[in-house]
2 protein chains.
Amino acid sequence: MKETATFYHAGCPVCIEAERQVAAALDPQRFDVQVVHLGEQRGLLAQARAAGVKSVPALVLGGLPFHINHGADLSALG
Amino acid sequence: MKETATFYHAGCPVCIEAERQVAAALDPQRFDVQVVHLGEQRGLLAQARAAGVKSVPALVLGGLPFHINHGADLSALG
């Protein structure tokens, strides 16, 4: 069974670059990558915060938050 | 031909977590992942800087630097 990797972003240029390069580079044999745009899916902000996400873009892998460069703080999104 | 992805780290706990989770999650069909310990391979600091790496852990993918969380500034390494 594949592991879910969640990529949180907010549509910013830094986010798009990270999605195209890092999220897209994950092994599709092992991971289902879910992409969440927190600017459009604000209902998932609490889920992101619960996973330890403090800024976007971020990838949650194995239950751990990995912030990739810095686009925007989560506090700027709501 | 596979693309080279370079993971720069300095042996710190944040680095090790990123290596185990993110660098290890890359698609082995598409990427050759090189792991560089900048504390032990200081001769590669210039190469890391040239790629835009400012802190470790960082992954250079597609010629772009992706800083993953924050372990140490490159300036602390030499």
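Convention: sequence-line order gives letters A, B, ...; per-chain numbering from 1.
- Clustering ILVMFWY residues whenever any of their side-chain heavy atoms sit less than 4.5 angstrom apart, transitively, puts Tyr8(B) in a cluster other than the one holding Val35(B).
- Between atom CG of residue Asn69(A) and atom NZ of residue Lys54(B) there is a gap of 10.0 Å, rounded to the nearest 0.5 Å.
- Linking ILVMFWY side-chain heavy atoms closer than 4.5 Å, directly or via other members, places Phe66(B) and Val33(B) in a single hydrophobic cluster.
- Here the CD-CD distance, from Glu3(B) to Gln21(A), works out to 7.0 Å after rounding to the nearest 0.5 Å.
- Contacts between Phe31(A) and chain B at a heavy-atom distance below 4.5 Å involve the side chain alone, from C-beta outward.
- Hydrophobic clustering of Ile, Leu, Val, Met, Phe, Trp and Tyr side chains at less than 4.5 Å, counting indirect connections, keeps Leu59(A) apart from Leu44(A).
- Residues Val60(B) and Leu64(B) fall into different hydrophobic clusters, defined by Ile, Leu, Val, Met, Phe, Trp and Tyr side chains chained together at heavy-atom separations under 4.5 Å.
- Shortest non-hydrogen contact noted between Arg30(B) and Ala24(A) is NH2-O, 2.9 Å.
- Taking hydrophobic clusters as Ile, Leu, Val, Met, Phe, Trp and Tyr residues chained together by side-chain heavy-atom distances below 4.5 Å, Leu61(A) shares a cluster with Leu61(B).
- Of all heavy-atom pairs spanning Val22(A) and Val22(B), the tightest one is CG1-CG1, 4.4 Å.
- Highest contact tally toward chain A, considering only Glu17(B), His70(B), Arg20(B), is held by Glu17(B) [criterion: heavy-atom pairs under 4.5 Å].
- Proximity to chain B is absent for every atom of Ala58(A), based on heavy atoms less than 4.5 angstrom apart.
- For Pro57(A), no part lies under 4.5 angstrom from a heavy atom of chain B.
- In terms of non-hydrogen atom pairs under 4.5 Å with chain A, the most contact-rich of Leu26(B), Val14(B), Ile68(B), Asp27(B) is Asp27(B).
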